[in-house]
Student: 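Starting off with a structure, shown below.
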There are 2 protein chains.
Amino acid sequence: MPRPFQYRDSILALLKDNPIHPTVDWIHAQLRRGHPRVSLATVYRTLRTLVAEGTLCELPFGTSESRFGLTLEQKHYHFICEQCHKIYDLPIRPRMTLERSVQAETGHQVRRHTMEFYGVCRECTEGPASVTSLRPPREQKEKTE
Amino acid sequence: MPRPFQYRDSILALLKDNPIHPTVDWIHAQLRRGHPRVSLATVYRTLRTLVAEGTLCELPFGTSESRFGLTLEQKHYHFICEQCHKIYDLPIRPRMTLERSVQAETGHQVRRHTMEFYGVCRECTEGPASVTSLRPPREQKEKTE
DNA sequence: TTACGTGCAAAACGTTTGCAAGAGT
DNA sequence: ACTCTTGCAAACGTTTTGCACGTAA
């Protein structure tokens, strides 16, 4: 149990295979398939460490629960599906011009910026058949499995 | 109806005079100056109603506490000061072109988008003298008002 | 009287932390 | 031995809710 970050790589693999910026609960549930004894606290602690070292980024969107994803490059633009609640990285290059114009217009010192697009993702649009809704609706907390 | 939203207008006035998207605690503290008996639950309930009717918008940034502001026009771009934690509306017109290009590149149906710029606001930059830090640092909860 | 906003307290929810235990060195 | 992660449960901060009250119709 007390190996230096027993679940670290498993969590990273999960996030790599599921680039949807899952919730902690989702990660915990998936992790328990292979490690039935892993506790939620450990998942939180591991995630916090990974964020601190820069491997992961935490997204404050979605209001209630934190969402985590790999810090791939500088992709700070996201698409958030309002139906299945997945969060995708967007392959759009940062518009640094915007930072300059905001700074010029407001006098605020801009250090970085983020961007979120909301809508319905392709999976959800193309039909309920292909939907692998990995996230239960916000109302009911599904802890099963 | 008994007291049709006794505090509704006071809250809206507060938000209009302080376009910094305050926390619920800040709103509650300010409101108690004129209405010493108002409860936090009422503030939450009123804010929820105002958000539901579209008068206010809730910002999920800042991680821990929800922030609220008036739904002025379609200004969905914000500047977030990492020092005093104020959130300013940005007078930048929406870049609708971005929505179209994201939709074209990803196949996701884009309905809207938001944008956040992070840095240090002009007030904080121009010197600590002019800083009216309306928000205590996240560590200590200052209820003394 | 009825309806419903309100205050209060408790509950609910996500997240963090204290502590003892166990694996690795 | 010593270190450090882990599981468990309790604590924590934010938000919601149950319930009785009281005010406006």
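Letters A, B, ... are given to chains in the order of the sequence lines, protein chains preceding strands, and every chain is numbered from 1.
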Student: Using whole Å, report how far NE2 of B:H28 lies from C1' of D:dT15.
Tutor: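 Value for this atom pair: 13 Å.
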Student: I want to confirm an ordering. Mapping A:V43 and B:Y44 to their closest nucleotides on DNA chain D, which one lands closer to the 5' end?
Tutor: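 Its nearest nucleotide being more 5', the pick is A:V43.
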Student: May I ask you to verify if any side-chain N or O of A:S39 is less than 4.0 angstrom from the OP1 or OP2 atom of D:dG7?
Tutor: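 Yes, A:S39 has a side-chain N/O under 4.0 Å of OP1/OP2 on D:dG7.
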Student: Tell me, please, whether B:Y118 has A:R111 positioned over its six-membered ring: NZ or CZ under 6.0 Å from the ring centre and within 45 degrees of its axis?
Tutor: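 Not flagged: A:R111 not positioned over aromatic ring of B:Y118.
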Student: To the nearest angstrom, how far is A:F5 atom CZ from D:dC4 atom P?
Tutor: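 From A:F5 CZ to D:dC4 P: 12 Å.
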Student: To the nearest 0.5 angstrom, please state how far the CE atom of B:M115 sits from the CG atom of B:L90.
Tutor: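 Reported to 0.5 Å precision, the distance equals 9.5 Å.
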Student: Please check the phosphate of D:dG13 (OP1 and OP2 only) for any side-chain N or O of B:S64 closer than 4.0 Å.
Tutor: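 No, outside the criterion.
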Student: With no angle test and no hydrogens, is the base of C:dG18 tied to the side chain of A:R45 by a donor-acceptor pair under 3.5 Å?
Tutor: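 Side chain to base: pair present.
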Student: Given atom CD of A:E65 and atom P of C:dA12, what is their separation to the nearest angstrom?
Tutor: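 One finds 17 Å between P of C:dA12 and CD of A:E65, rounded.
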Student: For the pair made of CG in A:L50 and P in D:dT5, what is the distance, rounded to whole Å?
Tutor: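 Roughly 12 Å, once rounded to whole Å.
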Student: From C-beta outward on B:R37, which listed nucleotide comes closest to its side chain: D:dT15, C:dC8, C:dT15?
Tutor: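 The closest nucleotide is C:dC8.
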Student: C:dT15 phosphate, OP1 or OP2: any side-chain N/O from A:S66 under 4.0 angstrom?
Tutor: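 So the side-chain polar atoms of A:S66 do come within 4.0 Å of the phosphate oxygens OP1 or OP2 of C:dT15, strictly under.
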Student: Just the rounded figure in Å: distance from P of D:dT15 to CZ of B:R67.
Tutor: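 To the nearest whole Å, that distance equals 11 Å.
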Student: Roughly how many Å is it from CG in A:L40 to P in C:dT16, rounded to a whole number?
Tutor: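 Rounded to whole Å, this separation is 10 Å.
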Student: From the list D:dT6, C:dG7, D:dT15, which nucleotide is the closest neighbour of the side chain of A:Y7?
Tutor: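 The listed nucleotide nearest to A:Y7's side chain is D:dT6.
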Student: So for B:R8 and C:dG5, does any side-chain atom that can act as donor or acceptor lie under 3.5 Å from a complementary atom in the base?
Tutor: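 Answer no: no donor N or O sits under 3.5 Å from an acceptor.
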Student: Distance alone, cut at 3.5 Å: any donor-acceptor contact between the side chains of B:E116 and B:T114?
Tutor: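 A donor-acceptor contact under 3.5 Å links the two side chains.
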Student: The side chain of B:R48 is closest to which nucleotide in this list: D:dT15, C:dG7, C:dT15?
Tutor: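 From the listed options, D:dT15 comes nearest.
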Student: Strictly by modelled atom types, are B:T49 and B:T46 linked by a side-chain donor-acceptor pair under 3.5 Å?
Tutor: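 No, because no side-chain N or O of B:T49 sits under 3.5 Å from a partner of the opposite role on B:T46.
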Student: The side chain of A:A41 lies closest to which of these nucleotides: D:dT15, D:dA9, D:dT6?
Tutor: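 It is D:dA9.
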Student: Calculate the interatomic distance between A:W26 atom CH2 and C:dT15 atom C1'; express it in whole Å.
Tutor: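 Atom-to-atom, A:W26 to C:dT15, this comes out as 20 Å.
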Student: To the nearest Å, give me how far apart NE2 (A:H35) and P (D:dT5) are.
Tutor: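 Distance, rounded to whole Å: 17 Å.
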Student: How are the rings of A:H108 and B:Y88 set to each other: parallel, tilted or perpendicular (split at 30° and 60°)?
Tutor: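 If you compare the ring of A:H108 with that of B:Y88, the planes turn out tilted.
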